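Bear in mind that the values here come from a model prediction, so they are computed numbers and not experimental data.
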Amino acid sequence: MMTDRKDFDIKTESRGAHWIAWVTRGASDKPLDSVILVGQTRDEAESRACTWADKLAADPMLIRS
């Protein structure tokens with residue numbers, strides 16, 4: 001069973017000299033399964049979070065909560 005990629009949102013935030021991004025689901029702003037992805041730029045962090053969301057959508061067994 002696959003989860004639709006549209007079920008996930010990506011949030012980003014600047015943290016000092018780098019950016020962090022995380023995947024959320026539903027109305028929550030908290031990182032899904034406490035996973036934070038780091039990048040040197042906003043685009044890099046967001047790209048990593050998108051890749052993670054695609055993996056979660058393809059294999060929902062990766063979602064712990």
Side-chain angles (χ1 to χ4, degrees):
M1 179 180 150
M2 287 185 56
T3 301
D4 193 340
R5 172 62 171 83
K6 293 181 267 182
D7 292 340
F8 302 111
D9 290 316
I10 306 296
K11 308 287 183 182
T12 60
E13 185 176 301
S14 175
R15 290 286 176 103
H18 60 272
W19 282 81
I20 62 170
W22 60 96
V23 177
T24 64
R25 187 162 82 176
S28 176
D29 283 335
K30 293 184 179 183
L32 183 63
D33 290 340
S34 301
V35 174
I36 300 288
L37 300 127
V38 180
Q40 291 181 332
T41 64
R42 181 180 185 173
D43 288 341
E44 182 180 8
E46 191 170 345
S47 175
R48 289 178 180 184
C50 286
T51 300
W52 179 238
D54 290 341
K55 288 179 183 181
L56 294 173
D59 186 2
M61 294 297 294
L62 294 173
I63 302 171
R64 296 181 311 195
S65 57

Quiz item: What residues form a side chain to side chain donor-acceptor pair (under 3.5 Å) with D43, not counting sequence neighbours?
Solution: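 Not a single residue meets the side chain to side chain donor-acceptor pair (under 3.5 Å) criterion with D43.
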
Heavy atoms only: give me the nearest [X]-[Y] pair and the separation to one decimal.
{"X": "E46", "Y": "A21", "result": "N-CB, 4.0 Å"}
{"X": "A45", "Y": "I20", "result": "CB-C, 4.0 Å"}
{"X": "A49", "Y": "L37", "result": "CA-CD1, 3.6 Å"}
{"X": "L32", "Y": "F8", "result": "CD2-CE2, 3.7 Å"}

Exercise. Verify the cluster assignment for I10 and I63: are they in a single hydrophobic cluster under the rule of side-chain heavy atoms below 4.5 Å apart?
Key: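 Same hydrophobic cluster.
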
Quiz item: In the single-linkage hydrophobic clustering (I, L, V, M, F, W, Y; side-chain heavy atoms under 4.5 Å), do L62 and V35 co-cluster?
Solution: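 In one cluster: yes.
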
Exercise. Working to the nearest 0.5 Å, report the span between CG of D59 and CG of D54.
Key: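 One gets 12.5 Å once the value is rounded to the nearest 0.5 Å.
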
Quiz item: So how far is it from E13 CD to K11 NZ, rounded to the nearest 0.5 Å?
Solution: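 Rounded to the nearest 0.5 Å, the CD-NZ separation comes out at 11.5 Å.
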
Quiz prompt | Partners meeting salt bridge (Lys or Arg N to Asp or Glu O under 4.0 Å) with R42 (sequence neighbours left out) | solution =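 Expected list: none.
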
Quiz item: Any donor-acceptor pair under 3.5 Å linking the side chain of W22 with the backbone of D29?
Solution: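 A pair under 3.5 Å: yes.
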
